[in-house]
2 protein chains.
Amino acid sequence: MKVTINDVAARAGVSIKTVSRVINNEPSVRPATRKKVMDAVSELNYQPNLAARNLAGTRSYTIAFIYDNPNAYYVIDMQNGILEACKARGYELLIHPSNAGSPTVHRELQDLVEHSKIAGLVLTPPFSETQSVIDTVKRLEVDYVRIVSSEAALEDEGNCIQVDDSAAAYDLTRHLLQHGHRRIGFLCGGEEHVSTHGRLDGYRRAMQNAGIIVERELVLKGEYSFDSGVNGAKKLLQSDNPPTAIFASNDEMAAGALFAARLMNIAIPEQLSIVGFEDSPFSRQTWPKLTTAHQPNNEIAKCAAALLLSRTRGKATESGSASKEAGIKREFTPELVVRDSSGPAPVEIMNDE
Amino acid sequence: MKVTINDVAARAGVSIKTVSRVINNEPSVRPATRKKVMDAVSELNYQPNLAARNLAGTRSYTIAFIYDNPNAYYVIDMQNGILEACKARGYELLIHPSNAGSPTVHRELQDLVEHSKIAGLVLTPPFSETQSVIDTVKRLEVDYVRIVSSEAALEDEGNCIQVDDSAAAYDLTRHLLQHGHRRIGFLCGGEEHVSTHGRLDGYRRAMQNAGIIVERELVLKGEYSFDSGVNGAKKLLQSDNPPTAIFASNDEMAAGALFAARLMNIAIPEQLSIVGFEDSPFSRQTWPKLTTAHQPNNEIAKCAAALLLSRTRGKATESGSASKEAGIKREFTPELVVRDSSGPAPVEIMNDE
DNA sequence: CAGCGTTATGACAGCGCTGTCATAAAGAAG
DNA sequence: CTTCTTTATGACAGCGCTGTCATAACGCTG
């Protein structure tokens, strides 16, 4: 809005094209010239005009973030992470809340890509795991990065930032097992989320490794919501042989489970242990505070955006493609955070060991 | 990215300038011509290219949303509301998370305004209430709308969307009074927030109208956080003459108060009533669910953005300035939502009435 | 229907940048 | 030191739109 490429060129005593070359890291600029330009840039505090860049070149300096997630903490963390990566590289972010269930998603995506020149898309669950959405994105031939549960990355590793739900769930379950729990209930998230299956898998593996056969009625379908946590926990706790611990597939469900236990006058963690998943802020705002697995959403998102951007600038980076993705972590395993909602299994009916 | 103003012009058989006139609602276009153009626009599904618009005209089609709020629900609601308003009018949103405390805010704002051509700013608390920030914004001569507590709007009504914290707090307090509470503790939000003062004022007025003199030690300073709620409630409850109800200045603090009560084995609402403020999602995820005041953040934000946009398009709207702001609500009073954390005052020491 | 004030429309430049292509400078080779 | 490459730099058009200004069409009046 103020200082333009012309000002920089004048100051550096070169043509605007040369300035353009420097700020875009293109080759064929003598070091001395490059330095002159860089100096002018910083002296004038020049920043290229995004609108002009988007309009002129074939490249785009805008990426879009598509989300549909009822969990505000999750979205904000992700968004801030993406924003950081964008700012670092001079990109702009287009925010697009949408509705995974609705049939208009595909049309929305198409409009988005066709109307605004977009360098790429960051997809988070549930979009990143919905095959039809991915198909649409591929058909539109737009670059993208998906944040997904490791299980879902298989065919598409280059475009994925993976979260190892299974490994984290394994750790969480082991934590309960080490506290002597043998009957551990599991509340599933929504079927449509791959993370649901990953977390269940981790739980199953841990149980199996401990030599425990998981009874059918201990694993309940549900979805990633508070109410689902309440209902699931109620069902488990009202059964003839209730578990001594409950693995809720996310913190919100765990909060629901806590709520249900409270309704039924069950003391946490004395009579029942509950663990969540994600380490969202409100896992610290329940009573008692939740044992959970810390999922670094902010960093995950930052890496996803960085990965996307590392590709679009492509062509002319100095040090070759090898270094381009340096420092971009591609797989995350949420780490166990022990707080107050889990403890030793109550000692009453000791029928094994 | 696909169909441009040229295509529309060709199809409608007019010059691109005429198309420009139509899509910008400028005068001096014959109805017949206008119709031809409109038809072409919809047949081709034309959408003006934002980058080009931003680059060419003096107008800008980008507004920015500045926030610094630890409450993710609040931010997301606001953001979605703003986004709706933007989409409806073909504007773009620039998201700018920042840090109200940091001294760099002013520089950030300046960079934002100087580097990207910005049509206006939507400011939410705490920025919208920080005088130095407002001064900076005014100095930069950029249009803006502030979302503020009614008390803060005085001098600047035209630029404010007001939330009547005082009235809502009055209602909330009355609710407690009607349940027979006489000793009602009040946990303040951060001093720097005007809403803190508005809420306190509403509480004070209600108490006064009920003929109750509020003792000093019943009103505690704090900030809008869970921990602050925990600490404040503890202090109140450990005093010699504890209150029978606590007014927490937001839901997060109320959740904290609930937590403290739980620690001290105080039954809610039997022994103690607690109310929050805002009706954020987690007011439904506590045990028991919170009585609170519903603050329609999404709509508030939508109106704020709509107000901002109603001005920037200015000049050439058909029906004059009167209709421009039609339907834009400018003041909101959060409404009482009674849930389970409030109830009749316990009957023990009846020393007055 | 000439003569005037409007109102409607279009030609054209230019926003700040990038892509293409031509040209200048520098190196390599003979 | 001439010729041929290679590398470095610049002139210029044009992205899709809006602003300015000139011109064309219209609508009155006498």
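All figures in this text were calculated on a predicted structure; none of them were measured in a lab. Per chain, numbering begins at 1; letters A, B, ... match sequence-line order.
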| query | Near B:E155 CD, under 6.0 Å, is it more than 12 heavy atoms from other residues, nucleotides or ligands? | reply | no
| D:dC12 C1' sits how many Å from A:N6 CG, rounded? | 13 Å
| task | Could you tell me, to 10°, how much the axis swings from one end of the helix from C:dC1-D:dG30 to C:dG30-D:dC1 to the other, five pairs per end? | result | 40°
| query | Within this structure, what is the OH-to-P distance between B:Y46 and D:dG16, rounded to whole angstrom? | reply | 10 Å
| task | State whether B:D111 and B:R107 are salt-bridged, where the test is any N-O pair (Lys NZ or Arg NE/NH1/NH2 against Asp/Glu carboxylate O) under 4.0 Å. | result | yes
| query | Checking side-chain contact (heavy atoms from CB on, under 4.5 Å) for the pair A:V142/A:V137: CA distance, chi angles, key distance, verdict? | reply | CA-CA 6 Å; A:V142 59; A:V137 170; 3.8 Å; yes
| note | Protein heavy-atom contacts under 4.0 Å, written 5' to 3' over nucleotides 4-10 of chain C as B (base), S (sugar-phosphate only) or - (none), form the string ----SBB
| Between D:dC15 (P) and A:N49 (CG): distance, integer Å | 18 Å
| query | Could you give the CD1-to-C1' distance, from A:I23 to C:dT18, as a whole number of Å? | reply | 9 Å
| request: Apply side-chain contact (heavy atoms from CB on, under 4.5 Å) to A:N49 and A:T4, showing your working. | output: CA-CA 8 Å; A:N49 179 308; A:T4 76; over 6 Å; no
| With distance as the sole test, does A:R146 use its side chain to make a donor-acceptor pair with the main-chain N or O of A:Q162 at under 3.5 Å? | no
| remark: Taken to the nearest whole Å, CG/B:D7 to C1'/D:dC15 is 13 Å
| request: Using distance alone, with no hydrogens and no angle criterion, decide if A:S149 and A:E129 have a side-chain donor and acceptor under 3.5 Å apart. | output: no
| field | Sidechain N-carboxylate O distance under 4.0 Å for A:R139, A:D135 | value | no
| message | Can you measure A:L50 atom CG to C:dC15 atom P for me and round it to whole angstrom units? | response | 18 Å
| field | Atom pair distance, as rounded to whole Å: CD1 in B:I5 and P in D:dG16 | value | 11 Å
| request: Give the intermediate values and the outcome of salt bridge (Lys or Arg N to Asp or Glu O under 4.0 Å) for residues A:D7 and A:R11. | output: CA-CA 6 Å; A:D7 303 323; A:R11 173 132 192 163; over 6 Å; no
| Quick one: B:H115 NE2 to C:dG16 P, roughly how many Å, whole number? | 14 Å
| field | Greater than 12 external heavy atoms within 6.0 Å of A:E141's CD | value | no
